[in-house]
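The block underneath contains the structure these notes are about, expressed in structure tokens.
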Amino acid sequence: MPCVPSAAVRNTCSVATKAPEFSFRLSAAAAARTGLTRTRTSGDRAPRWGPRKATCAPRQTSPQVPHTDFNLRFTASCPYPPRPPHGLNSTMLRVAAHSAKDTFTLLTRFQYCNPGWNFSSAWTEAASRSFPTRSSYTTDTKSREENKKTIENLYRLSVDIKKIRRLKEWVLLQDVAYVQEIAGILQEMGADETTVASVLERCPEAVLRTPAEINSQRALWQSVCQNEKQLIKLIEQFPESFFTTKYHKNQKANILFFQELGLKNNIITRFLTSAPSVFYNPVEKTKSVIETLQQNYLSLGGSDANMMIWILKLLSQNPFILLNTPTSMQENLEFLQKNGFTDNEVLQLLSKLKGFIFQLTPTTMQKSMLFSKNVFKCSDQELKELVLKCPALLYYSATVLEERLEGLLREGVSVAQIRETPMVLELTTQIVQYRIKKLSALGYDIKSGTLESLNGTKKDFEVSYGKIQSKKERPIFNPVAPINIED
């Protein structure tokens with residue numbers, strides 16, 4: 001329908017200087033959902049409800065589109081009774097902020113209906129209005145274009161460009177990339193085309209590192225690897241650990257310190273791949289943590305002869321202990337001592353928990369111990385014996401312990417059985433259900449028996465299961481046994 005150049009319509013579609021009337025034209029889908037328009041001039045005091053007024057449509061084929069203003073009056077053409085303005089206001093706000101594209105299209109159509117309408121002044125006025133913060137939006141347009149040279153070089157290496165766009169598109173937007181150079185370094189180390197493509201797909205930011213940075217990283221990792229074949233295998237498995245060159249100086253200093261400490265190179269390479277964050281800290285922090293461990297070990301009754309053996313074993317089991325602060329480590333040890341644990345028992349807990357006790361806090365440990373005390377209804381001394389028997393009562397939070405306890409109770413296990421074998425709480429509910437199901441298939445009644453058959457690692461359970469299975473399948477008599485015949 002062509003625009004009707006009447007004063008009434010122009011007043012509806014435009015923003016006047018003295019009596020501003022600013023409207024947003026919504027999409028057809030939004031109009032179908034609301035079926036409402038609302039307008040208010042500066043002289044209106046209360047909203048008036050009525051049928052929708054005709055407005056200038058941008059196309060003959062377009063359905064009638066309602067327009068709305070955030071401070072304006074409603075008019076309705078739907079057959080339903082009008083809803084309260086408050087609820088309608090929240091609905092219209094959500095629809096009006098549907099997309100930036102609809103708003104921009106709306107403003108341009110207003111200018112088409114009224115050629116004298118000033119777009120910039122209206123936009124300034126709209127921006128000065130106090131809109132709700134949740135109705136704001138951002139455009140989806142890209143601020144930069146993809147680097148065609150980078151894409152071409154990656155395509156020649158058979159790299160999946162779509163995967164990079166889906167996961168780390170920002171890499172393709174960088175102006176400078178070293179695709180051919182990084183691929184050449186990997187090939188020099190013995191990587192084939194498939195390995196190079198796999199590494200760059202999973203860690204595309206590698207092409208943003210300079211060849212000098214990668215060569216320095218290569219030399220550093222070779223100092224702890226047996227040969228380049230092992231190095232390229234580690235890069236293929238853990239590309240992000242290798243191509244994180246931001247902390248190269250800290251990595252180098254920490255590697256030298258670990259070697260001086262007595263850690264073997266195979267342990268250091270495991271740290272580099274599975275716990276790379278250990279090398280991000282300055283070497284001074286690493287040294288302070290090691291010194292704290294040494295002091296605590298000696299103060300708890302450890303000997304000088306076994307000190308380094310104990311520390312190296314602790315580090316190999318849990319390298320993340322180096323991320324803790326000396327203060328938090330000291331607080332956890334003091335908490336255990338205040339709760340009645342002797343120095344020897346604290347040292348025993350440190351060894352059993354592999355240093356994970358330092359990743360806890362006194363508050364969480366207190367809640368876990370209080371939960372176990374209430375469940376098992378035991379004294380402080382009995383609780384201490386349970387914790388020494390099963391350190392998981394101290395390590396896991398009260399929420400986790402409660403969930404696992406409820407899972408056992410649902411399977412018919414009693415609290416007395418759990419107290420007799422508390423190590424079963426180290427297993428998740430899914431593992432417990434799976435093991436009980438397998439044992440039940442053999443006719444083993446978990447309610448009347450002990451929980452020792454459920455306890456242990458996967459290998460331990462398979463051994464226990466095999467014994468129960470062989471015992472069940474054992475024949476009543478041995479057909480090859482000699483028969484005693486009386487003469």
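Position 1 is the first residue of the sequence; numbering continues from there.
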Less than 3.5 Å apart, any donor N or O on the side chain of Thr421 or Asn455 sitting next to an acceptor on the other? no

Is it true that Thr150 and Asn153 share a donor-acceptor pair across their side chains at a distance under 3.5 Å? no

So does [X] have more than 12 non-hydrogen atoms from other groups sitting under 6.0 Å from [atom1]?
X: Phe371; atom1: CZ; answer: yes
X: Gln226; atom1: CD; answer: no
X: Lys233; atom1: NZ; answer: no
X: Lys367; atom1: NZ; answer: no

Criterion salt bridge (Lys or Arg N to Asp or Glu O under 4.0 Å) on Glu452 and Lys467, from CA distance to verdict: CA-CA 13 Å; Glu452 292 293 341; Lys467 291 181 179 179; over 6 Å; no

Which distance, rounded to the nearest 0.5 Å, do you find between the [atom1] of [X] and the [atom2] of [Y]?
X: Ser453; Y: Arg435; atom1: OG; atom2: CZ; value: 9.5 Å
X: Ile255; Y: Asn250; atom1: CD1; atom2: CG; value: 11.0 Å
X: Leu386; Y: Leu394; atom1: CG; atom2: CG; value: 12.0 Å
X: Ile321; Y: Leu314; atom1: CD1; atom2: CG; value: 4.0 Å
X: Tyr434; Y: Thr428; atom1: OH; atom2: OG1; value: 12.5 Å
X: Leu186; Y: Arg218; atom1: CG; atom2: CZ; value: 9.0 Å

Once the angle between the rings of Tyr395 and Phe356 is folded into 0 to 90°, is it parallel (under 30°), tilted (30 to 60°) or perpendicular (over 60°)? perpendicular

Looking at [X] and [Y], what are the two nearest heavy atoms and their distance?
X: Ser158; Y: Glu201; answer: O-OE2, 3.9 Å
X: Leu298; Y: Gly302; answer: CD2-O, 3.6 Å
X: Pro211; Y: Tyr178; answer: CD-CD2, 3.8 Å

Test your reading of the model: is there a side-chain donor-acceptor pair from [X] to the backbone of [Y], 3.5 Å cut-off?
X: Thr292; Y: Ser288; value: yes
X: Ser223; Y: Leu220; value: yes
X: Lys352; Y: Lys389; value: no
X: Glu411; Y: Gly407; value: no
X: Lys384; Y: Asn339; value: no

Exactly one of Asp343, Asn332, Thr342 should register a side-chain hydrogen bond (donor to acceptor under 3.5 Å, both in side chains) with Gln337. Which one does? Asp343

When the side chains of residues 264-273 are checked against the rest of the protein, which donor-acceptor pairs come out under 3.5 Å, sequence neighbours left out?
unit_1 : atom_1 : unit_2 : atom_2 : d
Asn265 : OD1    : Gln259 : NE2    : 3.3
Thr269 : OG1    : Asn265 : O      : 3.2
Thr269 : OG1    : Asn266 : O      : 2.7
Arg270 : NH1    : Ser316 : O      : 3.2
Arg270 : NH2    : Ser316 : O      : 3.0
Thr273 : OG1    : Thr269 : O      : 3.1
Thr273 : OG1    : Arg270 : O      : 3.2

Any ion pair linking Arg404 and Glu426 (charged N to carboxylate O, less than 4.0 Å)? no

So, Lys246 and Glu205, do they make that salt bridge, N to O below 4.0 Å? no

So, do Phe279 and Phe258 have ring centers that fall under 6.0 Å from each other? yes

Looking at Lys252, Gln251, Gln222, which hits side chain to side chain contact (heavy atoms under 4.5 Å, CB included) with Gln217? Gln251

